[in-house]
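See structure below.
Keep in mind that what you see is a predicted model, and the values were worked out from it rather than measured.
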Amino acid sequence: EWTMEAFVKAEFFFGDATLFGKHAQEIPHKRTEDNKGIWPQFCWALTMTDGGGLRVCWEEAGRPAYDETTYLKSSVIENGILADKAWHHLALSYQKETRTFRLYVDYVKIWEKTLEADLLNVPAGYYFSRMESFYGFQGWMDEIRFSSVVRTPESFIRLAPDGMKLILR
């Protein structure tokens with residue numbers, strides 16, 4: 001179980017740019033039917049699309065052989081949420097017991113998905129803003145936090161709405 005969260009402000013939009021993710025470099029798989037070329041597999045990733053939308057992609061464990069249509073899964077949330085180039089709080093959580101992803105934008109759940117099989121989980125690195133399988137994110141991130149629990153909006157990072165106030169007497 002885990003939650004990754006950060007404040008994000010996008011500057012440029014192209015391809016699938018990594019926001020958060022977990023690599024699975026120990027298990028490369030073929031990219032084409034003739035087995036020419038391999039690429040590093042990922043366990044899961046949250047990416048930003050060309051139009052400033054969000055995409056969650058993942059790989060499920062226990063598949064007998066790599067097949068891009070059954071092994072690699074993804075959901076695109078094409079709402080241009082980051083296209084305004086403003087600061088947004090993003091959080092992606094995964095609950096192992098129920099095999100459920102939840103994506104929150106500005107403390108509101110905008111997407112939920114229960115997986116058909118367990119999420120692929122191998123000993124590999126976690127990434128913010130850049131991962132070999134995707135383009136690098138161009139913009140700003142702040143208050144990045146990785147938690148080994150499933151967080152809900154009540155326990156997300158919060159900033160004071162008007163910034164810090166100082167009262168002198």
Would you compute the distance between atom CD of E1 and atom OG of S147 and round it to the nearest 0.5 angstrom? 11.5 Å

For residues L82 and L19, determine if any side-chain heavy atom of one lies less than 4.5 Å from a side-chain heavy atom of the other. yes

Heavy atoms, side chains only, cut-off 4.5 Å: are M48 and I81 in contact? no

Which atom names give the shortest non-hydrogen contact between H89 and F7, and what distance separates them? CB-CE2, 3.7 Å

Membership question, hydrophobic clusters at under 4.5 Å side-chain separation (ILVMFWY): are F146 and V149 in the same one? no

Is E97 atom CD crowded by more than 12 heavy atoms from other residues, nucleotides or ligands, each under 6.0 Å away? no

Minimum heavy-atom distance A83-G51, with the two atoms named: CB-O, 3.6 Å

To the nearest 0.5 Å, how far apart are OG1 in T3 and CG in L92? 8.0 Å

To the nearest 0.5 Å, tell me how far L120 CG sits from K73 NZ. 13.0 Å

When you look at NZ of K96, are more than 12 heavy atoms from neighbouring residues, nucleotides or ligands closer to it than 6.0 Å? no

Closest non-hydrogen contact found for R145 with S155 is NH2-O, 2.7 Å

Could you tell me the separation between the OH atom of Y107 and the CD atom of E5, rounded to the nearest 0.5 Å? 7.5 Å

For W44, does the six-membered ring have the charged nitrogen or CZ of K22 within the cation-pi criterion, i.e. under 6.0 angstrom from the centroid and within 45° of the normal? no

Qualifying residues under salt bridge (charged side-chain N to carboxylate O under 4.0 Å, His left out), relative to R99, sequence neighbours excluded: none

Quick check: does any side chain N or O of R158 sit under 3.5 Å from a backbone N or O of P153, one acting as donor and the other as acceptor? yes

Do you know which two heavy atoms are closest between F20 and L90, and how far apart they sit? CZ-O, 3.9 Å

Roughly how far, to the nearest 0.5 Å, is the CG atom of L46 from the OG1 atom of T18? 9.0 Å

Quick one: are Y94 and L115 in side-chain contact, heavy atoms under 4.5 Å? yes

Taking all non-hydrogen atoms of both residues, which atom of G21 and which atom of M4 are closest, and how far apart? N-SD, 4.5 Å

Going by the rule ring-ring contact (aromatic ring centres under 6.0 Å, His included), which residues pair with Y104 if we only count those two or more places apart in sequence or in a different chain? F156

To the nearest 0.5 Å, what is the distance between NZ (K9) and CG (D84)? 9.5 Å

In this structure, would L54 and W111 fall into the same cluster of hydrophobic residues linked by side-chain contacts under 4.5 Å? yes

Assigning hydrophobic clusters by single linkage (Ile, Leu, Val, Met, Phe, Trp, Tyr; side-chain heavy-atom cutoff under 4.5 Å), is I110 placed with V150? no

When the ring planes of W58 and F101 are compared, do they come out parallel, tilted or perpendicular, using 30° and 60° as the limits? tilted

Checking K109 now: which residues fulfil salt bridge (charged side-chain N to carboxylate O under 4.0 Å, His left out) with it, not counting sequence neighbours? E112

